[in-house]
Protein chains: 2
Amino acid sequence: MPLSTSDRSLVEPVFRRLNVLRPLSAEARGLLEYAMVEGLQRAGPGEDLISEGDPVNSVRVVLSGWLCRYKTLEDGRRQIVNFIFPGETCDAHAFLLSVMDHSIATLTPAVYAEITRARFERLTWEDRALAEAFWCETLVNNAIQREWAINLGRRVALERVAHLFCEIFERLRPVGMTDGRSCNMPITQMDMADATGLSVVHLNRTVQELRASGLIVLRDRTLIINDLDGLRDAALFSPSYLQLYRLG
Amino acid sequence: MPLSTSDRSLVEPVFRRLNVLRPLSAEARGLLEYAMVEGLQRAGPGEDLISEGDPVNSVRVVLSGWLCRYKTLEDGRRQIVNFIFPGETCDAHAFLLSVMDHSIATLTPAVYAEITRARFERLTWEDRALAEAFWCETLVNNAIQREWAINLGRRVALERVAHLFCEIFERLRPVGMTDGRSCNMPITQMDMADATGLSVVHLNRTVQELRASGLIVLRDRTLIINDLDGLRDAALFSPSYLQLYRLG
DNA sequence: CGACGATTTGACAGGGCTCAAATCCTGTGG
DNA sequence: CCACAGGATTTGAGCCCTGTCAAATCGTCG
């Protein structure tokens with residue numbers, strides 16, 4: 001199957017990301033690209049791609065749209081435990097365990113590539129750098145998860161929300177989804193509340209406080225960071241856990 | 001080097017744990033045991049084994065004692081993001097990234113085995129089940145981290161502390177460190193506070209509330225769970241994320 | 001016995017939640 | 001093009017959960 005230009009630009013975020021973690025050979029890129037284009041899928045907003053308790057039989061690579069990992073309590077309380085942005089992989093290795101411990105849902109319309117477990121294992125078996133790149137992704141995810149723990153456990157509301165904005169911005173940047181000091185912010189305040197462990201009402205008031213301080217503008221599904229250093233200070237944000245730069 | 005009986009019993013928790021994740025061959029067990037016994041180390045309580053920002057050049061397997069992963073904010077606020085119990089591995093694959101994003105410290109005196117990166121990679125290269133077992137450990141850690149996110153973000157103090165006790169108990173059980181409905185609890189309330197994102201004062205009051213409800217006894221560094229089902233209900237605890245049982 | 005850390009208690013303040021309602025936005029159908 | 005519906009955002013009021021500060025008590029170890 002020949003690749004169209006639009007397919008190429010669609011899969012580009014994936015390689016941008018993986019390349020930061022491990023330099024990939026042209027062959028590896030070709031094989032992965034081919035596998036992804038064959039498994040292209042679309043989903044609307046608010047769809048569960050996979051739910052807690054489901055067995056895992058494939059790997060999904062997000063090409064466009066925002067997704068989240070979340071868990072819920074019996075009484076409906078929901079916590080978004082991480083976001084998944086274009087170029088990132090859900091569950092690169094989740095099939096090693098028996099079932100999902102959490103759910104994955106789209107927050108916006110999304111395009112992703114679904115690769116069967118067998119095919120994914122063949123790909124990573126044949127190319128060590130590719131395998132390591134995917135493992136590094138999992139490890140970075142782990143690090144993000146830890147940062148979220150301190151965010152939820154030890155930062156106050158204003159710091160938490162500021163930190164969320166810093167993280168989103170820095171994670172979107174390497175895949176080319178920021179524009180100077182602004183980026184798209186296609187999720188609802190409800191989603192932000194569930195990501196920061198706050199109530200919607202208080203999240204809203206906290207966002208207004210950040211607006212009033214002049215650090216950000218959040219309007220029309222767009223986030224503008226007027227003062228990145230200021231926002232970082234307010235958030236006690238230090239991006240090293242994101243492993244944004246080429247490793248040693 | 002012939003192994004003494006005491007060495008054997010020391011490394012037993014490691015194999016109990018790994019065997020749940022992947023059945024290991026006698027050869028793999030032998031090689032790993034040998035590597036561990038060669039790298040035995042001791043640490044006192046409250047020692048950092050490795051700190052945020054440090055490069056990683058070895059893998060540590062905990063044989064006895066309790067450790068924690070933690071992060072701190074500039075102003076000193078600390079969040080324990082996970083515990084490490086006997087039989088568990090710190091950083092099985094952290095060397096794939098450049099530096100530690102968090103610190104690891106002992107909460108009690110501890111014995112652990114330090115295996116160089118090269119040796120660890122040789123071991124896991126030669127035995128696929130062993131490699132997968134270690135990867136599964138990392139994935140389970142990931143799942144625990146996610147559960148902590150919902151604990152910190154969406155459970156109230158009483159639920160959080162109850163959940164912490166449930167998790168500790170269930171993680172100690174498979175390595176034989178529980179005794180009926182009780183287990184050792186060698187950490188301070190300060191540590192529990194930093195693990196649950198509460199202040200020490202409020203943690204203390206919450207523990208008293210759990211005591212008053214008759215669900216637990218916590219005294220003399222020992223936790224007795226009088227009513228495990230009741231404690232689980234109070235915690236909204238569901239242990240599946242711990243992957244305690246043999247997979248597929 | 002003294003010292004120091006851990007636990008506990010008290011008093012008080014405030015950050016964040018809940019409930020409720022108003023307003024704004026967006027997409028849809030007439 | 002306008003009316004309307006439903007969701008998202010915003011505002012208000014009141015309360016309570018949790019944090020802070022300070023001091024007392026308990027425990028342990030030298």
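Chain identifiers are assigned alphabetically (A, B, ...) following the order of the sequence lines, protein sequences preceding nucleic acid strands; residue numbering begins at 1 within each chain.
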Practice task
Hey, can you tell me if B:Tyr241 and B:His163 have their rings parallel, tilted or perpendicular (30° and 60° cut-offs)?
Solution key: parallel

Problem - side chain to side chain donor-acceptor pair (under 3.5 Å) assessment of B:Gln145 paired with A:Trp148 - result: CA-CA 9 Å; B:Gln145 214 60 67; A:Trp148 281 46; over 6 Å; no

Completion exercise
Closest non-hydrogen contact found for B:Leu172 with B:Asn184 is CD1-O, 4.2 Å

Problem - Donor-acceptor contact present, side-chain A:Arg155 to main-chain A:Leu236, <3.5 Å - result: yes

Problem - Exceeds 12 heavy-atom contacts within 6.0 angstrom, atom CZ of B:Arg211 - result: yes

Fill in the blank from the handout: Going 5' to 3' through nucleotides 5-21 of chain D and flagging B where a protein heavy-atom sits under 4.0 Å of the base, S where only the sugar-phosphate is that close, and - otherwise, we get ---SSSBBB----BSBB

